[in-house]
A.B. asks: 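One structure, as structure tokens, below. Some questions next.
These numbers come from the heavy atoms of this one structure, side chains and all, not from hydrogens, waters or symmetry mates. By convention here, the first residue in the shown sequence is residue 1.
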Amino acid sequence: MPMIILEWQADNRIHRREMAMGNPSQVIRLGRDPNLCDVVFSDPTVSGLQAEIAWDGQGVYLRCLRESNPPWVDGQRLGSTPVPLKSGSVVRLGRTQIKVISVGATPADSTDLSLSQLIPVLGSGQALAHKAHLVPAAVTVIGVIILFSTIGNPTLFNACLAFLLGIGGFYFIYQLCGKSKPWWAMVLVGLMTVMLLVSPVWSLFVLIFREILPGNLNASSQSFTVQFTSHFFGAGLLEELLKALPIFLFWGLGMLLPLRARSRIGVVEPLDGIIYGAASALGFTWLETMGEYVPGIVEEVGQQAGTVAGELVGLQLLIPRILGSVAGHMAYSGYFGYGIGLAALKPRYAWLVIPCAYLGASVVHALWNASDTIGIWAAAVVGILAYVMLSAAILKARQLSPNRHENFATSLVNKTRP
């Protein structure tokens, strides 16, 4: 049973596919149409179904399926006769060059022991760098080392733990979205939100939403209506708009970039808005937790039960607040980000989708804050609702994505086309 490995470059990334051919009747179709092809290329000069790779029981061949746009193999135009493929062959479909890295037996068929089989890292290092296995493990190891080094300094330990947990939650949403974004752009969005919180912009927002608008009603009231109204203006509308400012900024900056860079860095579709919204929420949650909630409860409990008890309760508060942000701040901001991205994709309807997404995020945010007046199970219901809204937005965003054939998959079980 032969194994064929193809490699090509598109959108400043190296794409690699490894495929085993189980029997001589199996073919691997190449082209631009994801509904017809096994290997899909985003190049507009590639035909919907242009060529196929077949195995006749002895060798692997490339067969032309589009006479008006034939493929080329090693500089030769392919005609009606299939051409054998070998390791090192270069196939050109449209303007896309595909290198045949390897054509040979699968490890199960080979009786020889190779060096890469004996020492797997020698043969898998390059592939590992393109997989999702390496980065999470590396970040976790670095984070653990940092946590070890901060033992004895509760404030620094909590700040690092909050950041590490928050990164885990954000990475989960990023994988669900499945669109590649530069790490520096996502970090910049989070930092921008942190800077907005410590700048006069926050004070201006507080003045508008909590002083002029009814966002600062009696906090001791046990009325759900009073609490919801207060949190709708003072938390929902205020905080969701503040967290969305970096998304709007990247939307505007993206319009100044070339088309390819605009899709990679700017906001051109809902997936971009969701990812940047979650990144913004990570910065907001981290600063809010470490700058307000944890210090407040540490001081309050510390005055009554001692410093050690206060620090323990502060740590206990930190963990659920950060982990809960996936169904909290990240969910609200991601949902609003979906609306901003949809407006970028369909600018004619920006007047409708942005207010609807803003209102939806703010209402759920306010419901969460006001749920204390009903009970803990009400908070669980609202949290699940927020996550459902975010998940639905991600699924719809993936369907709407102009680059959906390039986005990495998130299926629990891989589905093979019969």
Side-chain angles (χ1 to χ4, degrees), residues 10-13 42 132 135 166-167 169-194 196 240-285 325-326 329-358 360-361 386-387 389-410:
D11 300 320
N12 299 320
R13 290 193 302 156
S42 59
V135 173
I167 285 292
F170 172 77
Y171 188 72
F172 171 71
I173 293 177
Y174 179 73
Q175 289 292 319
L176 288 181
C177 289
K179 181 177 180 181
S180 178
K181 302 292 286 184
W183 66 267
W184 60 264
M186 296 182 288
V187 170
L188 183 58
V189 167
L191 289 177
M192 288 172 63
T193 302
V194 170
L196 286 171
E240 296 314 314
L241 182 58
L242 183 85
K243 290 184 289 182
L245 291 181
I247 311 176
F248 283 115
L249 180 60
F250 268 73
W251 181 11
L253 290 177
M255 295 180 180
L256 305 177
L257 299 173
L259 184 60
R260 187 178 296 274
R262 185 186 311 166
S263 175
R264 182 160 173 76
I265 299 173
V267 177
V268 299
E269 60 169 298
L271 286 176
D272 298 323
I274 294 172
I275 292 172
Y276 284 150
S280 178
L282 173 58
F284 186 97
T285 306
S325 65
V326 171
H329 276 292
M330 291 187 191
Y332 316 143
S333 299
Y335 187 79
F336 190 13
Y338 168 87
I340 298 172
L342 185 60
L345 185 65
K346 301 177 183 290
R348 285 180 53 196
Y349 300 99
W351 62 273
L352 177 62
V353 296
I354 290 179
C356 284
Y358 182 30
Y387 181 73
M389 290 175 61
L390 175 64
S391 299
I394 291 174
L395 290 175
K396 181 58 66 175
R398 288 177 63 87
Q399 294 174 8
L400 294 172
S401 177
N403 307 302
R404 59 184 178 275
H405 56 280
E406 301 174 9
N407 299 337
F408 44 88
T410 56

A.B. asks: Tell me every residue that passes side-chain contact (heavy atoms from CB on, under 4.5 Å) with L249, counting only those two or more places apart in sequence or in another chain.
C.D. replies: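 side-chain contact (heavy atoms from CB on, under 4.5 Å) list for L249, sorted by chain: M192, L253.
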
A.B. asks: Mind checking what makes ring pair (Phe, Tyr, Trp, His ring centres under 6.0 Å) contact with Y358, not counting sequence neighbours?
C.D. replies: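 So Y358 forms a ring pair (Phe, Tyr, Trp, His ring centres under 6.0 Å) with F336.
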
A.B. asks: With sequence neighbours left out, write down each residue that passes salt bridge (charged side-chain N to carboxylate O under 4.0 Å, His left out) with K179, or none if nothing qualifies.
C.D. replies: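 Partners of K179 under the salt bridge (charged side-chain N to carboxylate O under 4.0 Å, His left out) test: E269, D272.
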
A.B. asks: Hey, what do you get for CZ (R262) to CG (L256), rounding to the nearest 0.5 Å?
C.D. replies: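 Between R262 CZ and L256 CG, I get 8.5 Å after rounding to 0.5 Å.
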
A.B. asks: Roughly how far, to the nearest 0.5 Å, is the NZ atom of K396 from the CD1 atom of I274?
C.D. replies: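 Nearest 0.5 Å value for the CD1-NZ distance: 12.0 Å.
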
A.B. asks: Got a sec, which residues hit ring pair (Phe, Tyr, Trp, His ring centres under 6.0 Å) with Y335, two or more places apart in sequence or on another chain?
C.D. replies: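 With neighbours one apart ignored, the set is empty.
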
A.B. asks: Could you go step by step and tell me if S325 and Y332 meet the side chain to side chain contact (heavy atoms under 4.5 Å, CB included) rule?
C.D. replies: CA-CA 9 Å; S325 65; Y332 316 143; over 6 Å; no

A.B. asks: With side chains defined as the heavy atoms from C-beta onward, is the minimum distance between P246 and L196 less than 4.5 Å?
C.D. replies: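 Counting from C-beta outward, P246 and L196 do come under 4.5 Å.
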
A.B. asks: What residues, two or more places apart in sequence or in another chain, satisfy side chain to side chain donor-acceptor pair (under 3.5 Å) together with T193?
C.D. replies: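 With neighbours one apart ignored, the set is S280.
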
A.B. asks: Side-chain polar contacts of residues 182-191 - donor-acceptor pairs under 3.5 angstrom, sequence neighbours left out - could you list them?
C.D. replies:
none

A.B. asks: I need the full list of ring-ring contact (aromatic ring centres under 6.0 Å, His included) pairs touching residues 244-283, with sequence neighbours left out, sorted by first then second residue.
C.D. replies: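 Residue pairs with at least one partner in residues 244-283: F250-Y276.
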
A.B. asks: Identify the heavy atoms of L271 and C177 that sit nearest to each other, and give their distance.
C.D. replies: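 That closest heavy-atom pairing would be CD2-O, 3.7 Å.
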
A.B. asks: For a quick test of reading the model, state the closest non-hydrogen atom pair linking G166 to M330 and the distance between them.
C.D. replies: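 The answer is O-CE, 3.6 Å.
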
A.B. asks: Under 3.5 Å, which donor-acceptor pairs link side chains of residues 337-355 to any protein atom two or more places apart or in another chain?
C.D. replies:
unit_1	atom_1	unit_2	atom_2	d
W351	NE1	R348	O	3.2

A.B. asks: Minimum heavy-atom separation for K181 to Y174, with atom names?
C.D. replies: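 Of all heavy-atom pairs spanning K181 and Y174, the closest is N-OH, 3.1 Å.
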
A.B. asks: Taking only residues two or more places apart in sequence or in another chain, which ones pass side-chain contact (heavy atoms from CB on, under 4.5 Å) with A261?
C.D. replies: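 A261 satisfies side-chain contact (heavy atoms from CB on, under 4.5 Å) with L257, P258 only.
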
A.B. asks: Can you sort out the partners of Y387 under side-chain contact (heavy atoms from CB on, under 4.5 Å), two or more places apart, ordered by chain and number?
C.D. replies: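 Once residues adjacent in sequence are excluded, the partners of Y387 under the side-chain contact (heavy atoms from CB on, under 4.5 Å) criterion are F172, L176, V326, A327, S391.
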
